[in-house]
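This report refers to the structure that appears directly beneath it.
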Amino acid sequence: MASEQVDDRGAPRGTTQAPAGGAAPPEEGYRRGLGSRQIQMIAIGGAIGTGLFLGAGKAITKAGPSLILAYAVAGTVIYFIMRALGELLMYRPVSGSFSEYAREFLGPFFGFATGWTYWLFWVVTGITEVTAAATYVQFWWPAVPQWVSALVFTLVLYGANLISVKIFGELEFWFSMIKVTAIIGMILIGVGVLTLGFSDAGDTASVSLLWADGGFFPEGVGGTLMTLQIVMFSFLAVELVGVTAGESVNPQQALPRAVNTVPWRIALFYIGALTVILSVVSWTAFEPGTSPFVAAFGKIGLPAGAAIVNFVVLTAALSSCNSGMYSTGRMLRDLALNRQGPKLFTRLTGNGLPLLGTSVSAALMTAGVWINYQWPSKAFDYVVSFATISGMWAWIMILAAHIRYRRAADRGRLPQSAFKAPCAPYASWLSLGFIGAVIVLMGFDPDSRVSLYGAPVWAVGLVVAYFVIKARDPETFLREGSAAIAGKGTDAPRSKSKRERKGKGKGLDGR
């Protein structure tokens, strides 16, 4: 990180950006336990979650087959976002990358707001995912209350995250492997139904179903546009690969490879899977709140397949919640290291884990238990909208920071990244406009509008907290990296804070 860091004993470390030529980035106190195969599967798994497996059911009823086009357009924007993030990661790969880049290129408030908002995003997403997982459990045991399943899943994943980062990586690797294998299998079965005509749906399955029942846009273009919020939610967490930078064994090689898999992931897992499903079963047969994959297997007369798919979508939800447990602790520690959060969060366990940050976040995720108890039928819709608006803030910051970085690098004020984003900075500007349009459309959807009511409240809270912290210690929000952006070069010294002048060699906690 550009700002002062502490190791696992609390000792400060002055860090700088990664040297040119692919040198290893500075240590941040974490254990570099995530290998290339784990980074690859985390990146793949991040694009396959509840939004696809559960949310797509509601989106299909709103847009019909044109949902495929919505995923294609949104997927292109996601690719631009990930390439922008990839360029920033190769410039300086650090854990908590979004808030670090916002802090360096946009100013201290944006780093502060991004760190806390991304933390909120994963807390809310964790609630979303345990809600979805509890819904899937009712496929087998409808008598089990949703809140009971939600509580059990939260506790189990919390325990897994307290062991080591390698355990997290292995869980994500196998969760993602299950999802990838299942989707490929479902696509192959669907293609078999279309070409060989087996199963109960063999006589009616045809690609003509994509336009037979009301056309490709059965609910009009407006209906397709109104699904963009659900579509964007499906892609949330693809940026998680950036958070793993501080614990990747070889980020200079693993991260670009992970980013470059985005196009084929979207083409295969979203566009390919939905095209096959909607060709096998008419879009009119799907219902909101039911996984289209589970429903499709039920319609083609393969109940065992439906049970298998339900297990797969359950692992997808648990995978995303597991990622939330992982990332929230890191984001809280990043904020604390920059004195923008309680200093207790800087502490790491003996095996390099941010125990307190993870524990506090997991405790807040148990709010999902209460939500599932109060509104079991509406829990998913309520929480998805909050997750979407907070998650898209991270994308906005990535794009804005990338635009500022590219401008500084092109003028020779910062080193060029070895992994340049295509069509930059125009693609970043286009992506910002697309995200803005999605936010506007959310205001027209009653189910999504609730998040737009909560966002201003959260923003006001952040502004108040920012000025309170700044008043207590004016040098807390010194703008790191601004010298390079202003054209003063990359070696301008950082002014020392009041704490540093009073006690050299002391950690953030005074020891």
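For this chain, numbers begin at 1 and follow the sequence in order.
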Counting N and O atoms only, with roles assigned by atom type, does the side chain of Gln416 sit under 3.5 Å from a partner on the main chain of Ala409, one being a donor and the other an acceptor?
yes

When every non-hydrogen atom of Ile439 is compared with those of Met392, the smallest separation belongs to CG1-CE, 3.7 Å

Can you tell me how the ring of Phe105 sits relative to the ring of Tyr101, calling it parallel under 30°, perpendicular over 60° and tilted otherwise?
tilted

Could you go through the side-chain contact (heavy atoms from CB on, under 4.5 Å) check for Phe434 and Met232 one step at a time?
CA-CA 11 Å; Phe434 182 84; Met232 295 301 278; 3.7 Å; yes

Aromatic rings Phe112 and Tyr466: how do their planes relate, parallel, tilted or perpendicular, breaks at 30° and 60°?
tilted

Got more than 12 heavy atoms from elsewhere within 6.0 Å of CH2, Trp458?
yes

Could you verify whether a donor N or O on one side chain and an acceptor N or O on the other, from Tyr118 and Thr328, lie under 3.5 Å apart?
no

Test item: Thr117 side-chain N/O and Thr114 main-chain N/O as donor-acceptor pair under 3.5 Å:
no

Are Glu104 and Arg92 within salt-bridge range, i.e. N to O under 4.0 Å?
yes

Looking only at heavy atoms, which two atoms of Gly115 and Leu335 are closest? And how far apart?
C-CD1, 3.7 Å

For Met365 against Val123, the heavy-atom pair lying closest together:
CG-O, 3.8 Å

Run the side-chain contact (heavy atoms from CB on, under 4.5 Å) test on Phe269 and Val180 for me, step by step, so that the C-alpha distance in whole Å, both residues' side-chain angles and the decisive distance to 0.1 Å come before the verdict.
CA-CA 8 Å; Phe269 300 133; Val180 169; 3.8 Å; yes

Given 3.5 Å as the limit, does a donor-acceptor pair link the side chain of Arg333 with the main chain of Arg347, or not?
no

For Ser361 and Trp119, which heavy atoms make the closest approach, and how far apart are they?
OG-NE1, 2.9 Å

Shortest non-hydrogen contact between Ile469 and Gln340, atoms and distance:
CD1-O, 4.1 Å

Students often mix this up, so state it plainly: with edges at 30° and 60°, are the rings of Tyr71 and Phe235 parallel, tilted or perpendicular?
perpendicular

Derivation and outcome, side-chain contact (heavy atoms from CB on, under 4.5 Å), residues Met226 and Phe444:
CA-CA 8 Å; Met226 295 307 295; Phe444 293 94; 3.8 Å; yes

Compare every heavy atom of Thr224 with every heavy atom of Ala70, then report the nearest pair and how far apart it is.
CB-CG2, 4.0 Å

